[in-house]
Amino acid sequence: QVHLVESGGGLVQAGASLRLSCAISGRFNSTYAMGWFRQAPGKERDIVAAISRNRGVTYYSDSVKGRFTFSRDPAKNMWYLQMNSLKPEDTAVYYCAVRSGTPWFQVVKTLEDYHDWGQGTQVTVSP
C-alpha cells in the first residue's frame, strides 16, 4: 500500500512563495504518474500539475503555468511543488496523488484515474 503525506502549506500574503512537499512511502512501483490537485471551499478538486511516469512530460493548468514548478528528490521519494507569485485564488487544500501502470509518456489529469492520495495541506493566500 502506498502512503502519501503532504506538507508545507500555510498562510501567506499575495506575491509570496511556498514549497509543498509530498512524501511517498510504502509498497509502490518506483515508476508512477504523479499529480498535484487542489480543492477550494465549495468547489471541485481540480488538477494543478501532473508528470508522466518517464518524468519527461509535464502539465500545468493555465491558472498556475509559469508560477508553479515540479521538482523531486528521488533518493528520498519526495516530490515538491514550488509555488511562486501566489494569488488569493490559489487558496485551497492541495493534494498529491500517484498512479502506476499508465503509459510511459502520459500525464494523468483526471481525478478518478489516480489510485492513491495524501490527506492534503491547506494553502491560504491573503490579499
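On a predicted model such as this, the values are computed, not experimentally measured, just so you know. Positions are given from 1, in the same order as the sequence printed here.
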Partner residues of [X] under the side chain to side chain contact (heavy atoms under 4.5 Å, CB included) criterion, sequence neighbours left out:
X: Arg67; answer: Val64, Ser85, Lys87, Asp90
X: Ser7; answer: Ser21
X: Ala23; answer: Met78
X: Lys43; answer: Ala40

query = Quick one: ring pair (Phe, Tyr, Trp, His ring centres under 6.0 Å) partners of Tyr94, sequence neighbours excluded?
reply = none

Are side-chain heavy atoms of [X] and [Y] found at a separation under 4.5 Å?
X: Tyr32; Y: Val2; result: no
X: Ser126; Y: Gln13; result: yes
X: Met34; Y: Arg72; result: no
X: Ser63; Y: Arg38; result: yes
X: Gln122; Y: Thr91; result: yes
X: Tyr95; Y: Leu111; result: no
X: Ile51; Y: Trp79; result: yes

task = Please say whether more than 12 non-hydrogen atoms of neighbouring residues, nucleotides or ligands are located less than 6.0 Å from CD in Glu89.
result =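 For Glu89, atom CD is crowded (more than 12 foreign heavy atoms under 6.0 Å).
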
[X], [Y]: one ILVMFWY side-chain cluster at the under-4.5 Å cut-off?
X: Leu20; Y: Phe70; value: yes
X: Leu11; Y: Leu18; value: no
X: Ile47; Y: Leu81; value: no
X: Val12; Y: Trp36; value: yes
X: Val108; Y: Ile24; value: no

request  = Determine yes or no for a side-chain-to-main-chain donor-acceptor pair under 3.5 angstrom, with Gln119 supplying the side chain and Glu6 the backbone.
outcome  =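 Side chain of Gln119 to backbone of Glu6, a donor-acceptor pair under 3.5 Å: yes, one is there.
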
Geometric cation-pi criterion, Arg19 with Phe68: 6.0 Å, 45° =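 Cation-pi check for Arg19 and Phe68: fails.
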
Heavy-atom closest contact ([X] atom, [Y] atom, distance):
X: Val123; Y: Gly9; value: CG2-CA, 4.0 Å
X: Asp116; Y: Leu4; value: CB-CD1, 3.8 Å
X: Ala14; Y: Pro127; value: CB-C, 4.2 Å
X: Val57; Y: Asn54; value: N-OD1, 3.9 Å

note = For residues 97-127, the disulfide bond (SG atoms under 2.5 Å apart) pairs (sequence neighbours left out) are none

message = Could you walk me through whether Trp117 and Arg45 satisfy the side-chain contact (heavy atoms from CB on, under 4.5 Å) test, starting with their C-alpha distance in whole Å, then the side-chain angles of each, then the deciding distance to 0.1 Å, before giving a yes or no?
response = CA-CA 12 Å; Trp117 293 83; Arg45 191 174 299 187; 3.4 Å; yes

request  = May I ask you to decide if the ring planes of Phe37 and Tyr114 are parallel, tilted or perpendicular, using 30° and 60° as cut-offs?
outcome  = perpendicular

Distance, nearest 0.5 Å, that separates CZ of Arg53 from OG1 of Thr31 = 3.5 Å

